[in-house]
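Reviewing the structure listed below.
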Amino acid sequence: MAYFYEGTSHTFSEYLLVPGYSSAECIPDNVSLKTPVTKFKKGEEPAVTMNIPMVSAIMQSVSDDKMAIALAIEGGISFIYGAQTVEDQAAMVKRVKDYKAGFVVSSSNIQPDKTLQDILDLKEKTGHSTVAVTDDGTAHGKLLGVVTGRDYRVSRMSLDTKVSEFMTPFEKLIYADKGTSLKEANNIIWDHKLNSLPIVDENQKLLYFVFRKDYASHKENPRELLDAKKRYVVGAGVNTRDYEKRIPALVEAGADVLCIDSSEGFSEWQKRTIDFVREKYGDTVKIGAGNVVDREGFLFLAEAGADFVKVGIGGGSICITRETKGIGRGQATAVIEVAKARDEYYEKTGIYVPICSDGGIVYDYHITLALAMGADFVMLGRYFSRFDESPTNKVNINGNYMKEYWGEGSNRARNWQRYDLGGKGGLSFEEGVDCYVPYAGPLKDNVSLTLKKVSSTMCNCGALTIPELQKKAKLTLVSSTSIVEGGAHDVLLKEKTATTVK
Ligand code: RVP
C-alpha cells in the first residue's frame with residue numbers, strides 16, 4: 001500500500017511566530033545574520049558563509065552578473081543561471097570575479113544612427129540617463145560619444161533626430177585609460193565636475209563608466225561578501241547532463257559554489273554529478289543539490305556528499321508543477337521535516353549540511369519563518385526579479401511599472417535540463433509561467449528593509465543569531481479566520497477611499 005504522510009502539509013502563511021522573552025540587548029543593531037552555506041564538521045568553520053541568509057534563484061530572469069554583484073555587496077550570493085551556453089555562463093561568473101567596485105559595465109548602449117526616440121525608449125527601459133554611443137551598440141564597442149539629459153530637449157527637437165547629431169562626441173569627452181584607479185577616476189570626476197567618466201582601452205573600446213553618484217556608496221557596505229582575494233563571492237547553477245564540460249569551465253572562471261538546479265533532486269543523476277565533482281576536485285569544489293521535500297530525499301543527498309541541500313517543490317510563484325504533475329509538498333512542512341533530518345544527521349555523523357528553503361517567499365516575514373523552521377538560508381526568485389538589477393525588461397503597463405519574470409520550466413526559458421528525467425524526452429510540457437511583477441526599485445533599499453524586519457522579529461523571539469532563532473522560535477499554526485484578523489480589517493483604508501470628506 002502507498003505511504004501516507006501524517007498530517008496536512010502546510011505553507012508559510014499558515015504559521016506565525018509567538019514572541020519569546022527579549023532582554024535589553026535584543027535590539028536589531030545587535031543581530032548577526034551570518035549563516036553557513038556549505039557543510040562543515042563539528043567544531044570547524046564552513047568554507048562558504050554568507051552575511052545575510054538570502055540567495056537569488058538560478059533563473060534566466062533573475063541571476064546574471066549584475067544581480068550577483070549587487071547581492072554580494074549586501075552580503076548574499078547569486079547563483080548565475082545555467083540555462084545558457086557554458087561559455088556565456090562562465091563569462092558571467094568571470095565578470096563578477098573581475099568586477100572592480102565603482103567600475104560599471106555600461107547597461108545603456110546605442111548605435112549612432114539610432115534616433116532621439118530610441119534614446120527615450122532606452123531610458124524608459126533601463127531607467128538610466130547616461131547612454132554610451134558605440135559603433136556596434138554594445139557595452140564594449142568602440143566609444144563614439146555619450147548622450148545624457150543635457151544633450152537634448154524633447155520639446156525643441158524632432159524625435160527622429162539621429163543620435164550622432166546631438167551626442168557629445170568622443171573628441172569632446174573627458175575619459176580615462178584602462179589602468180586608472182578608482183581614486184584617480186574620482187579625482188578626474190571632481191576636477192572636471194563630471195557626472196560620469198568613461199574608461200576606454202587603447203583601441204577606444206569602452207570598458208566601464210565611473211559615476212559620481214556612486215562615490216559615497218562605495219565606502220559603506222559593511223556586509224559585503226568577499227573571497228580571500230577581496231573579490232565578490234558568486235555561485236552558479238549546473239545541470240545533471242553537461243556537467244563534465246560545464247563544471248570545469250565554471251570552476252576555471254572562479255565560481256565559489258555550485259548548485260545542481262533541478263525541480264526534483266532525489267535521483268541517481270544528482271549522485272552522479274556529485275561523484276564527478278568529488279573524483280575530479282575532492283572537497284575543494286563546493287556543490288549543493290536538490291530539490292527535495294522530505295527526510296528520505298535529504299538523507300540521500302547528504303550521503304551522496306552534497307555541500308548543502310535545497311528544499312522545495314512546486315511552491316515557486318511562477319511554478320505550476322503541482323497542478324501539472326501532482327507532485328510537491330507545502331513549503332513549511334517540507335522545511336520543518338528536512339531541518340529535523342539535518343539535525344539528526346548532524347547528531348549522528350558530526351557533519352552539518354545546511355539547508356536552503358527555495359521558492360514561495362511572498363512576504364518578508366516568510367523569510368523569518370523559514371529560518372525559524374530550520375532553514376539556514378532562503379532562495380528567492382520573484383523577490384529579486386522586481387529590482388533594477390534583474391536582467392529583464394522594465395515595462396509600463398496601464399501606468400504601472402512592471403518587470404518581466406518567467407519560470408525555468410516555461411516555454412520562454414526552455415530549460416529542459418532542469419526537468420530532465422533521462423531517456424529521450426526533453427521538456428514536453430510547461431511547468432512554469434511567463435509573467436510580470438511590480439517593479440520595486442534598487443536591490444539595496446529593498447534588501448535592507450527586508451532584513452530590518454527579519455532582525456526585528458528575531459529580537460521579538462529573543463534571538464540575536466540565526467542558530468539561536470532556530471532553537472528559541474515558538475511557532476503556531478493559524479486558522480483561516482485568524483489570517484483575516486492578521487491584516488487591517490473592519491476599517492476603510494484611506495488610500496482606497498475615492499474622495500475625502502472635508
Ligand atoms: P519564487 O521565489 O517563489 O518566485 O520561486 C523561485 C523558485 O521557483 C526557483 O528558485 C525555483 O526553485 C522554482 N522555479 C523556477 N522556475 C520554475 C518553473 O518554471 N516551474 N520554478
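Counting starts at 1 for both ligands and their atoms, following the listed order. Counting begins at 1 with the first residue of the sequence.
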Identity and distance of the protein heavy atom lying nearest atom 16 (N) of ligand 1 | E408 N, 2.9 Å

Kindly give the heavy-atom pair with the smallest separation between R278 and V285, and that separation in Å.
-> NH1-O, 3.0 Å

Would you mind listing which atoms of ligand 1 come within a distance below 4.0 Å of any non-hydrogen atom of L380?
-> 2 (O)

Atom NZ of K94 with >12 non-hydrogen neighbours under 6.0 angstrom | no

Which of the atoms in ligand 1, numbered in the order shown and given with their element, are less than 4.0 Å from a heavy-atom of Y405?
-> 1 (P), 4 (O), 6 (C)

Mark up the atoms of ligand 1 that fall under 4.0 Å of a heavy atom belonging to G359, in ascending order.
-> 3 (O), 5 (O)

Gap separating the CZ atom of R418 from the CD atom of E264, nearest 0.5 angstrom = 11.0 Å

Closest to atom 2 (O) of ligand 1 by heavy-atom distance, out of G381, G312, A413, is G381

Could you tell me which residues satisfy side chain to side chain donor-acceptor pair (under 3.5 Å) with D242, sequence neighbours excluded, listed by chain and number?
-> N239, R246

Write out the residue and atom name of the closest protein heavy atom to atom 21 (N) of ligand 1, then the distance separating them to 0.1 Å.
-> I318 CD1, 3.5 Å

What's the shortest distance from atom 18 (C) of ligand 1 to any protein heavy atom, and which residue and atom give it?
-> Y419 OH, 3.1 Å

N/O donor-acceptor pair under 3.5 Å between K472 side chain and M458 backbone = no

Numbering the atoms of ligand 1 from 1, which are under 4.0 Å from a heavy atom of M379?
-> 10 (O)

Report the nearest protein non-hydrogen atom to atom 10 (O) of ligand 1: residue, atom name, distance rounded to 0.1 Å.
-> D358 OD1, 2.5 Å

Within less than 4.0 angstrom of ligand 1, does W406 place any heavy atom?
-> no

Of the protein's non-hydrogen atoms, which lies at the shortest distance from atom 15 (C) of ligand 1, and what is that distance?
-> M59 CE, 3.6 Å

Hey, are R412 and E404 close enough for a salt bridge, meaning a charged N less than 4.0 Å from a carboxylate O?
-> yes

So which protein heavy atom does atom 19 (O) of ligand 1 come closest to, and at what separation?
-> G409 N, 2.6 Å

Consider ligand 1: state whether an atom of it lies below 4.0 angstrom from any non-hydrogen atom of G360.
-> yes

Could you check atom 20 (N) of ligand 1 against the protein and tell me its nearest heavy-atom contact, residue, atom and distance included?
-> E431 O, 2.6 Å

Would you mind listing which atoms of ligand 1 come within a distance below 4.0 Å of any non-hydrogen atom of C319?
-> 20 (N), 21 (N)

Reported CG-to-OG distance for the pair N30 and S455, which is rounded to 0.5 angstrom = 10.5 Å

Go through ligand 1 atom by atom and flag the ones less than 4.0 Å from a non-hydrogen atom of S317.
-> 1 (P), 3 (O), 4 (O), 5 (O)

Distance under 6.0 Å and angle within 45° of the ring axis: does R272 meet both against Y243?
-> no

Considering residues, nucleotides and ligands other than Y436, do more than 12 of their heavy atoms fall under 6.0 Å from its OH?
-> no

shortest atom 11 (C) of ligand 1-to-protein heavy-atom contact is with R418 NH2, 3.2 Å

Report the C-alpha distance between T138 and N109 in whole Å, list the side-chain angles of each, state the deciding distance to 0.1 Å, and finish with yes or no for side-chain contact (heavy atoms from CB on, under 4.5 Å).
-> CA-CA 6 Å; T138 70; N109 310 293; 5.8 Å; no

For residues 388-407, which residue pairs qualify under ring pair (Phe, Tyr, Trp, His ring centres under 6.0 Å), counting only residues two or more places apart or in two chains?
-> none

Atoms of ligand 1 less than 4.0 Å from R382 heavy atoms?
-> 1 (P), 2 (O), 4 (O)

